[in-house]
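Here's the structure, in structure tokens; my notes come after.
The figures that follow rest on heavy atoms only: side chains count, while hydrogens, waters and symmetry mates do not. Below, read A as the first sequence line, B as the second, and so on, with proteins coming before strands; counting in each chain starts at 1.
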2 protein chains.
Amino acid sequence: MSIKLTSKQRKVLEFIYTFLENSGFPPSISDLKEELNVSSNQSVLNFLYILEKKEYIKREGGQARGIKILPLGYREIGKNPLIKMAGISAGGSYVESFVNAFSFFPLAEKVLENEKINESKDRVFVIQVAGDSMINAGIDDGDSLLIKESKEYKSGDIVIARTDAGTTVKRFIADGGKRYLQPENPAYEKMIIIPGEVQFQGKVILNLSKINK
Amino acid sequence: MSIKLTSKQRKVLEFIYTFLENSGFPPSISDLKEELNVSSNQSVLNFLYILEKKEYIKREGGQARGIKILPLGYREIGKNPLIKMAGISAGGSYVESFVNAFSFFPLAEKVLENEKINESKDRVFVIQVAGDSMINAGIDDGDSLLIKESKEYKSGDIVIARTDAGTTVKRFIADGGKRYLQPENPAYEKMIIIPGEVQFQGKVILNLSKINK
DNA sequence: CTTGACAGTGTAATAATGTTCATATAATAT
DNA sequence: ATATTATATGAACATTATTACACTGTCAAG
């Protein structure tokens, strides 16, 4: 048996990778069956058997979704192993998607100097926004924001705030004794901050989506 | 509801991470049940429900092992998202374990200068050895080796070779027209290289396990 | 002293997932 | 020509995993 992959076998490997990237866990036999447009489990098992024998993947028998991509597998399809990425809703719903740090770090590097970020000292991360509650601040649905954790938050800062209702990006307003989370879209209402019930995760220092355009 | 975690809740989160690290896929309810020493699925579901509500994880309902750790979750337990690591058998069996690149790169950094490795140009990676076929070359069971991909392999190089029988670490010997993979343990026999049936993955440039001692 | 959050038990139903066996066809290599 | 490899099909079966429901107990805060 050749140790090289046929194009179909590679396609299977690539799908496992893609599924893993999108889901955070490997595909089941059924997932693969559907993707490959075959009607029998055995067809899928054949491919998995071959991929395992050739050391592109490793299966954990009997366990649901028990597939790992091995280093050889990652190399074969020219991908890096996965790390995931933060995503939050500007509208207030939950953290949804992920970050691929490999795609993130190269991007950030160019930018870190300008923003005077000390990589080893400052904690920065990227989130992806879902929702339109900040459109008037130039933050659209799907934008990626570079976030920095901070010790103090000043009135006017655009912040990532975590509340019982979810994590959200809003402008922080301190008006005398009152503190608000203020959307930048007239269709949304501001939220009064109840002490102890809101945690600031960091402040927005850059809209990466706007930079890349 | 507070958005902080109790120690037990954190323990669950940590186990999900650990499981993911060891397996490459998330734990099932049963896996968690066993770990937490509870006898009811509902106990586990309670924890998952809370962790999801607090945005440390996200569940994909109805799907086996449908758990993702969210960025907040990683931060809570002070871990990085996972990437995995190569491991191979010196005795000839398959690639088994993984590399955590976060633990690998800091280690390698100290070493790369000495070895004159050009990080952006050279492809290097780490493997973990299983087996004793190279003990007389100072490579023991469990050692981590720094490997570099190369264009040419000279007789005498200790190489990572992939064959139909598996991936293995051996000394490469070219003796006239004959080519061998030579173990460094009299208990093992040398292997004749059949052209086209062996791929060199790289050569051993350092035994990291010996350096750290 | 009641409410709510937290932690737990147990059973049963249902859905999702993986394994095995028995066959088949076309392409490729020897 | 013949054997092997790669790609399929389909059904039966076994196992793993998730969900739902009904209850119990502890503990801290108001």
Phosphate-side-chain proximity, B:Lys33 and C:dG8, N/O vs OP1/OP2 below 4.0 Å: no
Assess the residue pair A:Leu181 and A:Val159 against the criterion (side chain to side chain contact (heavy atoms under 4.5 Å, CB included)); give the C-alpha distance rounded to whole Å, side-chain angles, the decisive distance to 0.1 Å, and a yes or no. CA-CA 9 Å; A:Leu181 293 175; A:Val159 299; 4.0 Å; yes
Side chain to side chain, B:Phe19 and B:Glu35, heavy atoms closer than 4.5 Å: no
Cation-pi check, B:Lys203 to B:Tyr153: give yes when NZ or CZ is under 6.0 Å from the six-membered ring centre and within 45° of the ring axis, no otherwise. yes
Considering only side-chain heavy atoms of B:Ile50, which listed nucleotide, C:dC6, D:dT7, C:dG8, is closest? C:dC6
Want to settle it: does A:Ser39 or A:Asn46 sit nearer the 5' end of DNA chain D, counting the closest nucleotide to each? A:Asn46
Pairwise side-chain contact, B:Ile16 with B:Leu32, heavy-atom cut-off 4.5 Å (strictly under): yes
Just wondering, do B:Ser133 and B:Glu184 contact through their side chains at under 4.5 Å, heavy atoms? no
Rounded to whole Å, the CZ-C1' distance (A:Arg10 to D:dT7) equals 17 Å
Output the distance between atom CD1 (B:Ile57) and atom OH (B:Tyr49), rounded to the nearest 0.5 Å. 12.0 Å
Just how far, in rounded Å, is C1' of C:dC6 from NZ of B:Lys53? 13 Å
For B:Leu48 and C:dG8, give me the distance from atom CG to atom P, rounded to whole Å. 13 Å
Can you tell me how far C1' of C:dG18 sits from CZ of B:Phe25, to the nearest Å? 13 Å
Under 4.0 angstrom between A:Thr6 side-chain N/O and D:dT5 OP1 or OP2: no
5' to 3', nucleotides 16-30 of chain D under a 4.0 Å protein heavy-atom cut-off (B base, S sugar-phosphate only, - none) gives SSBBBB---------
Is the closest side-chain donor-acceptor distance between A:Asp31 and A:Ser28 under 3.5 Å? yes
For B:Ser43 and C:dA7, is the shortest distance between a side-chain N/O and OP1 or OP2 below 4.0 Å? no
Separation between CG (B:Leu51) and CZ (B:Arg59), nearest 0.5 Å, reads 10.5 Å
Whole-Å distance separating the CG atom of A:Leu51 from the P atom of D:dA6: 11 Å
Looking at B:Pro26, is its backbone amide N or carbonyl O close enough to the side chain of B:Arg65 to form a donor-acceptor pair, meaning the two atoms are under 3.5 Å apart? yes
Every protein N/O within reach of nucleotides 27-30 of chain C N/O, cut-off under 3.5 Å:
none

Interatomic distance, A:Ile67 CD1 vs C:dT17 P [rounded to whole Å]: 12 Å
Take the protein atom CD of B:Gln9 and the nucleotide atom C1' of C:dA7, then report the distance between them rounded to whole Å. 10 Å
